[in-house]
Number of protein chains: 2
Amino acid sequence: MVENEEVGNYYENKDRFYVAVDCIIFGFHEDELKLLLIRRMFDPCKGELSLMGGFLNKGESIEAAAERVLQELTGLENVFMEQIGIFGEVNRDPGERVLSAAYYALINSDDYDKVLAESHHAVWVPMKDIPELIFDHNLMVMIALKQLKRKASVEPIGFNLLPQYFTLPQLQTLYEAIFGETLDKRNFRKKVLSMDVFEKTDEKDKSNSKRGAFYYRFDYDKYNALMQNGSHFAL
Amino acid sequence: MVENEEVGNYYENKDRFYVAVDCIIFGFHEDELKLLLIRRMFDPCKGELSLMGGFLNKGESIEAAAERVLQELTGLENVFMEQIGIFGEVNRDPGERVLSAAYYALINSDDYDKVLAESHHAVWVPMKDIPELIFDHNLMVMIALKQLKRKASVEPIGFNLLPQYFTLPQLQTLYEAIFGETLDKRNFRKKVLSMDVFEKTDEKDKSNSKRGAFYYRFDYDKYNALMQNGSHFAL
DNA sequence: ACAAAAGTGTTACTTTTACACCCATGG
DNA sequence: CCATGGGTGTAAAAGTAACACTTTTGT
């Protein structure tokens, strides 16, 4: 018995579902990897912490919805985002059946619209202090972190969490935070610099030491050129 | 202006969407990696090739829907499946707006319900000969293959494509098919056997040579035990 | 006897890890 | 002048990649 042999009315009497997007927004501040969460001032789960989310609209692609939701909280556009999947357990949202497409985003935690974020009661929470969140948001965070680790070990996406100019000690601390392990200073620098996609500047950051550490910037052009030729990035 | 400050009726007047699941079903036969596709005997796109799909039902998790769809075609249960993401471009399905969650599955291409598959006009197509499929199914296939490669290099999932008993030459051919590159016989065997999760039998497969190759089987218990102790699989 | 696939070790090379001291500067 | 973080090279170890001949057996 092949149910589909019927003709026409293919979409008739199929069920339709609410679809949300939720954003796992990573930032890096005070040597820690953090998430931008919101304190919900609305039901369901008023007063609790959750990821920033929103509903998918008619005529809007899922990716566009994720970008819109991120922008509604941070004012940012053209941010590095990656889908981690759709979450569709029947009772994940106790209020109504809602499917949720989760995306993680990497932002520079100095450079976003703080007033806008404030209006959503947003707070930065260090990864190691993430409390219980609503629904299946803790699961989403766990998977996002796993995917971030994997991706960061294979593509230079960490820079999205730093300002344009950054020092090597900063970069190392960032990667230590992402991978959750300490790295050898000399080996780290050796590897990073051997990629030849960093441009050293003459400026120094003296906020962390008397001597000061040189600022570098990531050279996207060099990087793209290398990628053409089958090179491979790995940290 | 924070749109969400309103109370109650949270889900009111949000849009609802059709949600489908599509299965990228991998098999391995005649030294080739293949996909199980269906010739559509129904609209839209009647007569064309597509992935096996189906609509998500009320009260059914997305994962359950994927398992059901796979079973509708193959009769199989408890199959290795993994989500590759949700596809939500507005016009991906020209008939109606439908979101689709894509899953890939690994099955043993000798062991499924062929009559059932036949009734859906299913055909095995070698990966290298995949023609143009409907909608965004080619994109899904591409991403599934990428994910399969990555996963296979880090977890022993290839066995799902083979019968319980298999020979090392078979195993090697499989991995060559997955990765799309030839592997050194001695290095391959060395690595595989060094993992100590294979049990050699006394039986030989003589279908490919006069001498015959010993059958092995994958020992899931040994594997799980090793994984507990922080070991790491990689091919 | 021979064709055809199965099976088997060693060496060079590349990558990864471990490790300790001097430098520059503001206070 | 000294405390603090920034910067630098080398050697051992592990892992990966390259490579050729012998074995078995059905025809």
Side-chain angles (χ1 to χ4, degrees), chain A residues 28 30-32 149 152-154 156 162-163 165-177 179-196 198-217 226 230-235, chain B residues 28 30-32 149-150 152-154 156 162-163 165-177 179-217 226 230-235:
Chain A
F28 182 65
E30 289 163 341
D31 294 357
E32 283 190 303
K149 280 186 191 177
S153 70
V154 112
L162 294 175
Y165 292 94
F166 53 85
T167 67
L168 293 187
Q170 258 183 294
L171 187 65
Q172 180 173 349
T173 318
L174 168 62
Y175 274 89
E176 289 176 336
F179 295 129
E181 57 189 67
T182 63
L183 304 171
D184 180 272
K185 199 186 355 174
R186 281 178 286 191
N187 293 340
F188 180 81
R189 291 169 156 262
K190 207 187 312 171
K191 191 173 278 183
V192 161
L193 293 176
S194 74
M195 293 175 198
D196 192 38
F198 295 86
E199 198 173 285
K200 190 178 184 177
T201 71
D202 297 333
E203 308 293 309
K204 279 187 165 185
D205 167 25
K206 300 213 170 185
S207 62
N208 291 305
S209 71
K210 339 262 181 175
R211 180 176 176 176
F214 282 106
Y215 280 116
Y216 288 75
R217 61 177 263 286
L226 283 178
S231 291
H232 193 65
F233 176 100
L235 256 180
Chain B
F28 181 63
E30 290 164 340
D31 295 357
E32 284 191 303
K149 279 186 192 177
R150 193 180 52 70
S153 70
V154 111
L162 293 176
Y165 292 95
F166 52 85
T167 67
L168 294 186
Q170 257 183 294
L171 187 65
Q172 180 174 349
T173 317
L174 168 61
Y175 274 88
E176 288 177 337
F179 296 130
E181 58 188 65
T182 64
L183 304 171
D184 181 272
K185 196 179 11 167
R186 282 177 286 193
N187 292 340
F188 180 81
R189 288 170 159 263
K190 207 187 312 168
K191 192 174 276 182
V192 161
L193 292 176
S194 74
M195 293 173 196
D196 192 37
V197 290
F198 295 86
E199 197 173 286
K200 190 177 183 179
T201 71
D202 297 332
E203 308 292 309
K204 279 187 166 185
D205 167 25
K206 299 213 169 184
S207 62
N208 291 304
S209 72
K210 339 260 182 178
R211 180 175 177 176
F214 281 106
Y215 280 116
Y216 288 74
R217 60 176 265 285
L226 283 177
S231 291
H232 193 64
F233 177 101
L235 257 181

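We name chains A, B, ... by the order of the sequence lines, and we start the count at 1 in each one. Note that these values count all heavy atoms, side chains included, but never hydrogens, waters or copies made by symmetry.
Looking at B/Glu181, its side chain never comes within 3.5 Å of a backbone N or O of B/Glu176 through a donor-acceptor pair.
For B/Leu171 and C/dA6, the CG to P distance is 13 Å, given to the nearest whole Å. Summarising the geometry, the separation between NZ on A/Lys204 and C1' on C/dC23 is reported as 9 Å, rounded to the nearest angstrom. One atom, CZ of B/Arg211, and another, C1' of D/dT24, lie 5 Å apart when rounded to the nearest Å. Protein atom CG of B/Leu235 is 11 Å distant from nucleotide atom P of D/dT16, rounded to whole Å. Residue B/His232 contributes atom NE2, which lies 18 Å from atom P of D/dA14 at whole-angstrom precision. The nearest whole Å value for the distance from the CG atom in B/Asp184 to the C1' atom in C/dT11 is 13 Å. Atom NZ in B/Lys210 sits roughly 12 Å away from atom P in C/dA6 (whole-Å rounding). In this structure, B/Lys185 atom NZ and C/dA4 atom P are separated by 14 Å, rounded to whole Å.
Side chains of B/Ser194 and B/Arg189 form no contact here, defined as non-hydrogen atoms less than 4.5 Å apart. Two residues are said to be in side-chain contact when any heavy atoms from C-beta on lie closer than 4.5 Å; A/Phe179 and A/Lys149 meet this criterion.
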Between the protein and nucleotides 14-17 of chain C, are there any N/O to N/O pairs under 3.5 Å, and if so, what are the atom names and distances?
| from | atom 1 | to | atom 2 | distance (Å) |
| --- | --- | --- | --- | --- |
| C/dT17 | O4 | A/Lys190 | NZ | 3.3 |

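Looking at B/Arg186, its side chain has no donor and acceptor atom pair within 3.5 Å of the base of D/dA17.
If you take NZ on A/Lys190 and CZ on A/Arg186, they are separated by 8.0 Å, rounding to the nearest 0.5 Å.
In terms of heavy-atom proximity, B/Ala213 sits nearest to B/Thr167 at O-CG2, 3.6 Å. Closest heavy-atom contact between A/Ala152 and A/Phe233: O-CE2, 4.0 Å.
Ring geometry for B/Tyr175 versus B/Phe188: interplanar angle of 30 to 60°, hence tilted.
Remark: B/Arg189 is in phosphate contact with C/dG7, judged by side-chain N or O atoms under 4.0 Å from OP1 or OP2.
Nucleic acid contact for A/Lys206: sugar-phosphate only, since backbone atoms but no base atoms lie under 4.0 Å from a heavy atom of the residue.
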